[in-house]
Amino acid sequence: MKKSILLAVAFIATGALYAQKDSLNAVIQVENDYNPVVTKAVKKGFTPTTEKSDNNTPLELEFSQEATPFKGFTGERNIKELLPKQNGNYNGYARLGYGTGNNVDAKVSYQHAMGEKDKVSAVASLEGFNSNIDGPDGKWDSRFYSSWVGVGHTHKFSNAEWQSNIEFSNNVFNYNTTQPGDKQNVQKFHIGTGLSSMLAGPFAYEVGVRYSRNHYKHLPFLWNEAVQKKGRFGENNFGADAVLKYELDGETWRNIALGINLDYYSYYKNIGYRNFAELNLNPATNLKTGDWNIRLGAQLNMITKGGTFLAVAPDISVEGAISKTVSLYATIKGGRKASSLETLEMLSPYWACSEQLKPAYTVADITSGVRISQKALSVNMYLGYAYTKDDLLTYAQPSLLQEGIGSCLAQENTIHVYAGARAGYDHKGWLKGSIAAKYNYWKCNEYSLLGTKPEFELEINGEARLLEDIYMNVTYSFATYAHDNPSLNKNELNLRTSYKFADRFGAFVEGNNLLNRNYVKYAGYYEQGINVLMGLSASF
């Protein structure tokens, strides 16, 4: 059963990544959508297992790494290649590319082992473009460059592992406006350290503390002159995380676990934002009966300001095999998530807001489906229903867009009904493909606020290993939205090829948005048009 689930996840991940023989290994992390913890590049994410350990081997903790520092800033990116681990015998990886839309793609990573117990990893990235793209009033000179540096260190003790990481990013971009404050500069800093157990036995843990800071050169309240004159705006986040798990000897009742996240957010004075703290608790237990695995848990969120003190949501999942290749599953999840600046930027980097928003609270997200897993084929069909209070929505207000204002934010209770299917195929690693389709029905009091919510989504991914060292990847995405103009619907074709012409060196070519279609990527802001990027990669 576990093998079938892992196989299905592997096929799904294949469609999301470009495959390069000279690229870095990527480990995909499956996160709870309602968990406010932001996983950093060299910070391990912990997921309690349901497998029982014995007294002779260490308890296996399912760790994973993710190198996407700030999702939503530049859309889906192949930044996972930055992971400081790669195929072959080389510790370092670098690549440099330049494109027709003044696109830049530079990445480098390196890891160094200092004896058997210590390891240092470093990653860096620069991505961005400067080209004319469509806007509400015609073409405008759009610029968006994102740079990021991260350094991490791990040390292994006899029964634990200590790790720490420091990260810095700088995002420079402009709004579609000629106002003095159109050039935005967002600086982000993160530092964290933690300890995780490696000792054999029934008890396992991971604990850590962290600090992050978001700093804006210009306030994201562009139409409020009184606020804008104060200049600069920042958010500080002090956090602590822990996961505790205890394995049981019972045949049915397998283990109990508790996840804890504590965050305190503080802001500059006289801005209008109020400091607040929140505590998230995730108690859970795992049971196994016959061919069925059951997780019983809950999400408890306590917040000092911005909403009711306590919000409770379910965290329940059931999955069971009805044959060697077919399994049924159902999940009921939910939770509350603070509307921090990090959360808002995942919706749009161009966001503008007149007041501090409430935390979005998903009362329940219910999904049920069937998985079919065979040797080369995996299929997942599902349907679901979600109800969210104070859901975060982005929209483009015409009167403000004429002044060059960014994506406006609003909150409404939403109902989301969805159904979809995904199929993946892998023929001995030489030919891989996946197709996914999903239909979404959205409902809220203000229908105009749903303009950036997708209604129908289709994504096709194909990858072929043409020769021993030549790969080709093609992706096609189509989506319809609640726009009045159907021409704004997403219709994007991307193509990537890579060739390793020496043991250490390779080359790649990317063609993005080859259909040259204009569609809204963020509320009020369109996607960049057709662009071709070429580059070289090297291992060292």
Side-chain angles (χ1 to χ4, degrees), residues 16 18 68-81 95-107 125-148 169-178 182-186 345-351 394 396 401 404-407 451-452 454 457-459 461 473-481 483 485-497 508-535:
Y18 292 116
T68 304
F70 305 109
K71 296 179 180 178
F73 259 43
T74 55
E76 294 298 329
R77 304 178 298 180
N78 193 27
I79 202 168
K80 290 185 176 68
E81 294 183 20
R95 82 169 189 242
L96 176 63
Y98 184 78
T100 56
N102 292 319
N103 296 69
V104 177
D105 178 11
K107 295 179 172 62
S125 170
L126 171 62
E127 284 193 335
F129 67 91
N130 183 357
S131 63
N132 290 326
I133 64 176
D134 283 336
D137 298 319
K139 296 286 185 179
W140 67 289
D141 185 15
S142 176
R143 303 180 299 281
F144 201 121
Y145 290 98
S146 177
S147 59
W148 171 62
S169 75
N170 187 31
N171 300 281
V172 180
F173 57 96
N174 68 322
Y175 297 88
N176 182 19
T177 174
T178 57
D182 70 333
K183 297 181 178 67
Q184 184 63 277
N185 189 329
V186 183
E345 287 155 7
M346 293 174 70
L347 296 176
S348 172
Y350 304 98
W351 67 275
T394 61
L401 284 176
I405 303 305
S407 305
T452 59
E457 302 170 89
L458 174 67
E459 182 171 340
N461 295 272
N473 178 275
V474 59
T475 62
Y476 173 75
S477 301
F478 177 82
T480 60
Y481 301 88
H483 294 297
N485 186 355
S487 65
L488 299 181
N489 293 336
K490 183 177 182 179
N491 189 11
E492 182 176 304
L493 176 66
N494 302 320
L495 180 66
R496 178 186 175 98
T497 61
F508 63 92
V509 178
E510 293 182 8
N512 299 306
N513 198 5
L514 295 177
L515 301 178
N516 200 26
R517 296 297 298 270
N518 298 320
Y519 62 90
V520 172
K521 184 173 185 178
Y522 306 109
Y525 288 82
Y526 292 166
E527 173 64 286
Q528 185 184 13
I530 184 172
N531 61 90
V532 179
L533 184 143
M534 298 178 288

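What's counted below: heavy atoms across the whole structure, side chains too, no hydrogens, waters or symmetry copies. Note that the numbering runs from 1 along the sequence shown for the chain.
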Note to self: Could you check whether any side-chain heavy atom of Y145 comes within less than 4.5 Å of a side-chain heavy atom of N170, counting everything from C-beta outward?
What the structure shows: no
Next item on the list: Output all residues satisfying side-chain contact (heavy atoms from CB on, under 4.5 Å) with N103, sequence neighbours left out; order by chain, then residue number.
Entry: F129, Q528, N531, L533
Notebook entry, point to check: How far does CG of N516 sit from CG of L493, to the nearest 0.5 angstrom?
Noted result: 12.0 Å
Check: Quick one: CG on L495 to CG on N473, what's the gap to the nearest 0.5 Å?
Finding: 8.0 Å
Check: Is the side chain of S169 donor-acceptor paired with the backbone N or O of W148 at a distance under 3.5 Å, no angle test?
Finding: no
Next item on the list: Sequence neighbours left out, what passes side-chain contact (heavy atoms from CB on, under 4.5 Å) with L96? Give chain and number order.
Entry: A106
Item checked: Under 3.5 Å: donor-acceptor pair, side chain of N174, backbone of R143 -> yes
Check: Which pair of heavy atoms, one from N491 and one from N513, lies closest together, and at what distance?
Finding: O-OD1, 4.3 Å
Item checked: Residue pair Y525 / Y175, side-chain heavy-atom distance below 4.5 Å -> yes
Item checked: Pair T452, T394: side-chain N/O donor-acceptor within cut-off below 3.5 Å -> yes
Notebook entry, point to check: Any side-chain heavy-atom pair from F508 and T497 closer than 4.5 angstrom?
Noted result: no
Notebook entry, point to check: So, K490 and E457, do they make that salt bridge, N to O below 4.0 Å?
Noted result: no
Margin query: Just so I know, are the side chains of K183 and V172 near enough to count as touching, which here means a heavy-atom distance under 4.5 Å?
Written below: no
Check: Got E127 and K107 here, is their nearest side-chain heavy-atom distance under 4.5 Å?
Finding: yes
Margin query: Using 0.5 Å steps for rounding, measure from the OG atom of S407 to the NZ atom of K521.
Written below: 12.0 Å
Check: What distance separates N461 CG from T475 OG1, expressed to the nearest 0.5 Å?
Finding: 6.0 Å
Margin query: Please report the interatomic distance CE(M534) to CG(D105), rounded to the nearest 0.5 Å.
Written below: 13.0 Å
Item checked: Check: W140 and I133 side chains under 4.5 Å, non-hydrogen atoms -> yes
Notebook entry, point to check: How are the rings of F144 and Y350 set relative to one another: parallel (under 30°), tilted (30 to 60°) or perpendicular (over 60°)?
Noted result: perpendicular
Margin query: Any side-chain to backbone donor/acceptor pair from T480 onto N489? Under 3.5 Å, distance only.
Written below: no
Note to self: Ignoring hydrogens, what is the shortest heavy-atom contact between Y98 and N102? Give both atom names and the distance.
What the structure shows: OH-OD1, 2.5 Å
Checklist line | Residue pair N494 / Y476, side-chain heavy-atom distance below 4.5 Å | finding: no
Checklist line | Gap between atom OG of S477 and atom OH of Y519 - 0.5 Å precision | finding: 7.0 Å
